[in-house]
Novice: 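One structure, pasted below without further comment.
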Amino acid sequence: MSAPQGQGPTFRELVVQALSSVERGYDLLSPKFDHTAYRTSASVLDSVTGALRPLGPFGSGLDVCCGTGAGMGVLRQVCRERITGVDFSAGMLAVGRARARAVPDAPRTDWVRADVRALPFGPVFDLAVSFGAFGHFLPRERPGLFAQVHSVLRPSGRFAFPIVAPARPGSRPYWSLLAFDTAMRVRNAVWRPSFVMYYRTFRLGDVWKELIGAGFEVELRALEDLGRRVDGSPRCRLVVATRPV
């Protein structure tokens with residue numbers, strides 16, 4: 001998502017955010033977050049919504065690491081009873097709550113501040129989604145995170161999230177991601193508190209095994225409207241992990 005001129009964060013604001021903790025950084029960024037490239041694009045949100053419709057309708061939905069609520073818009077279209085956004089940034093939640101549009105016959109909407117590594121819910125959700133948040137978890141933290149999501153889903157509940165195909169080695173996106181990852185590792189080696197944002201560590205093969213280990217059954221669905229690469233493989237897939245009955 002491109003930012004309208006003058007509405008996105010300044011360079012100084014981004015620097016201050018990057019030198020903060022993850023929680024404090026997002027609190028600072030929250031008023032302008034929706035005008036940054038970090039917000040999930042409308043094309044991805046629409047594609048995921050279209051892929052989830054045939055699997056529903058769902059009763060209740062959870063947006064894991066909801067931020068300002070981009071994924072809540074997806075849940076609002078596929079859930080009938082209740083949707084909940086959970087995030088540990090009070091600033092992001094405040095923006096999401098303030099910007100949520102009142103829609104007739106929309107499901108009940110709740111915004112909960114919590115650490116998703118210790119979700120404060122029982123098994124009450126039929127669907128959980130997440131968009132763009134997994135880079136904030138170290139690989140060793142993901143099995144516990146997936147186990148938490150598994151624990152709050154009802155039997156046959158689904159956990160769905162998009163995953164983009166890895167950049168081709170030697171391509172411009174490949175080098176950009178490598179440079180970003182390297183910069184974050186250097187920053188965390190010399191500055192505290194740490195700011196975890198390592199997107200190159202979220203590999204489909206590893207994620208698949210970790211979801212299976214958490215008790216899910218896993219399938220992939222190509223998001224065809226986001227296109228295919230030169231080799232014919234999908235540019236983006238939807239991971240659908242189901243809690244067995």
Side-chain angles (χ1 to χ4, degrees), residues 14-30 33 36-40 44 62-68 70-71 85-93 112-121 128-153 159-167 169 173-216 218 220 236-239 241 243:
L14 289 174
V15 170
V16 172
Q17 180 216 9
L19 295 178
S20 305
S21 66
V22 178
E23 180 179 355
R24 177 58 176 160
Y26 275 102
D27 283 347
L28 292 170
L29 184 61
S30 58
F33 178 80
T36 72
Y38 299 120
R39 188 184 192 276
T40 304
V44 171
L62 176 69
D63 186 359
V64 179
C65 302
C66 65
T68 58
V86 60
D87 202 284
F88 74 165
S89 168
M92 298 288 274
L93 288 168
V112 176
R113 186 184 182 194
D115 188 333
V116 298
R117 292 167 293 192
L119 288 169
F121 312 111
V129 298
S130 193
F131 296 88
F134 297 117
H136 294 302
F137 299 92
L138 296 171
R140 66 174 181 269
E141 297 177 304
R142 287 200 309 257
L145 170 63
F146 294 158
Q148 283 291 301
V149 176
H150 185 277
S151 74
V152 303
L153 290 172
F159 178 30
F161 53 87
I163 186 167
V164 178
Y174 174 88
W175 291 117
S176 295
L177 284 172
L178 179 60
F180 183 86
D181 183 274
T182 301
M184 292 303 299
R185 293 184 184 279
V186 171
R187 178 253 186 244
N188 288 333
V190 302
W191 192 268
R192 293 290 183 274
S194 61
F195 195 105
V196 176
M197 187 185 286
Y198 300 131
Y199 290 110
R200 294 178 72 248
T201 64
F202 197 70
R203 301 182 180 93
L204 178 57
D206 296 334
V207 170
W208 185 289
K209 293 176 184 177
E210 290 158 0
L211 288 167
I212 295 294
F216 286 104
V218 185
L220 298 177
C236 190
R237 292 179 170 93
L238 184 67
V239 177
R243 176 173 179 170

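Basis for what follows: all heavy atoms, side chains included, without hydrogens, waters or symmetry-related copies.
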Novice: Between Val112 and Cys66, is there a side-chain heavy-atom distance shorter than 4.5 Å?
Specialist: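 Side-chain contact under 4.5 Å: no.
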Novice: Between Leu177 and Ala167, which heavy-atom pair has the shortest distance, and what is it?
Specialist: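 Looking at all heavy atoms of both residues, the closest pair is CD1-CB, 4.5 Å.
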Novice: For a 4.5 angstrom cut-off between non-hydrogen side-chain atoms, does Phe137 reach Val196?
Specialist: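 No. Closest side-chain heavy atoms not under 4.5 Å.
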Novice: So, taking the atom named CG in Leu145 and the one named CG in Leu138, what distance separates them when rounded to the nearest 0.5 Å?
Specialist: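 Reported to 0.5 Å precision, the distance equals 12.0 Å.
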Novice: Kindly indicate whether the side chain of Phe161, heavy atoms from C-beta on, has any atom under 4.5 Å from the side chain of Arg237.
Specialist: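 No - every pair of side-chain heavy atoms lies 4.5 Å or more apart.
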Novice: Where is the tightest heavy-atom contact between Leu153 and Arg243, given as atom of each residue plus distance?
Specialist: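 Leu153 and Arg243 have their closest heavy atoms at O-NH1, 2.8 Å.
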Novice: Answer whether the closest heavy-atom distance between the side chains of Val116 and Phe88 falls below 4.5 Å.
Specialist: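 Answer no - side chains too far apart.
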Novice: Between the side chain of Asn188 and the main-chain N/O of Met184, is any donor-acceptor distance below 3.5 Å?
Specialist: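 Side chain of Asn188 to backbone of Met184, a donor-acceptor pair under 3.5 Å: yes, one is there.
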Novice: Could you check whether His150 and Phe216 have their ring centres less than 6.0 Å apart?
Specialist: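 So the answer is yes for these two rings.
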Novice: Taking ring-ring contact (aromatic ring centres under 6.0 Å, His included) as the definition, give me every residue that meets it alongside Phe121, ordered by chain and number, with sequence neighbours left out.
Specialist: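 Scan of Phe121 (ring-ring contact (aromatic ring centres under 6.0 Å, His included), adjacent residues dropped) gives Phe125.
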Novice: Atom CZ in Arg203, atom CD in Glu210: separation rounded to 0.5 Å?
Specialist: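 It comes to 11.0 Å.
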Novice: Working to the nearest 0.5 angstrom, can you tell me the gap between Gln148 CD and Leu119 CG?
Specialist: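 If we round to the nearest 0.5 Å, Gln148:CD and Leu119:CG are 5.0 Å apart.
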Novice: Under 4.5 Å between any side-chain heavy atoms of Val239 and Phe159, yes or no?
Specialist: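 Of all side-chain heavy-atom pairs linking Phe159 with Val239, none is under 4.5 Å.
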Novice: Please report the closest heavy-atom contact between Leu93 and Gly85, naming both atoms and the distance.
Specialist: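 Heavy atoms only, the tightest pair is CD2-O, 4.2 Å.
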Novice: Can you name the closest pair of heavy atoms from Thr68 and Ser30 and give their distance?
Specialist: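 Looking at all heavy atoms of both residues, the shortest contact is CG2-O, 4.3 Å.
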Novice: Quick check for you: to the nearest 0.5 Å, what is the distance between Asp181 atom CG and Ser176 atom OG?
Specialist: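 If I round to the nearest 0.5 Å, the distance is 12.5 Å.
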Novice: Tell me the closest heavy-atom pair linking Ser130 and Asp63, and the distance in Å.
Specialist: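 Of all heavy-atom pairs spanning Ser130 and Asp63, the closest is CA-OD1, 4.2 Å.
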Novice: Minimum heavy-atom separation for Cys236 to Val164, with atom names?
Specialist: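 Where Cys236 meets Val164 most closely, the heavy atoms are SG-CG2, 4.1 Å.
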Novice: With rounding to the nearest 0.5 angstrom, report the OG1 to CH2 distance, Thr182 to Trp175.
Specialist: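 Those atoms lie 9.5 Å apart.
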Novice: Would you kindly check if the NZ (Lys) or CZ (Arg) of Arg142 is within the cone defined by 45 degrees around the ring axis of Phe134 and under 6.0 Å from the six-membered ring centre?
Specialist: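 Checked: cation-pi criterion not met.
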Novice: Can you confirm whether His136 sits close enough to Tyr198 that some side-chain heavy atom of one is under 4.5 Å from a side-chain heavy atom of the other?
Specialist: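 No; the side chains remain at least 4.5 Å from each other.
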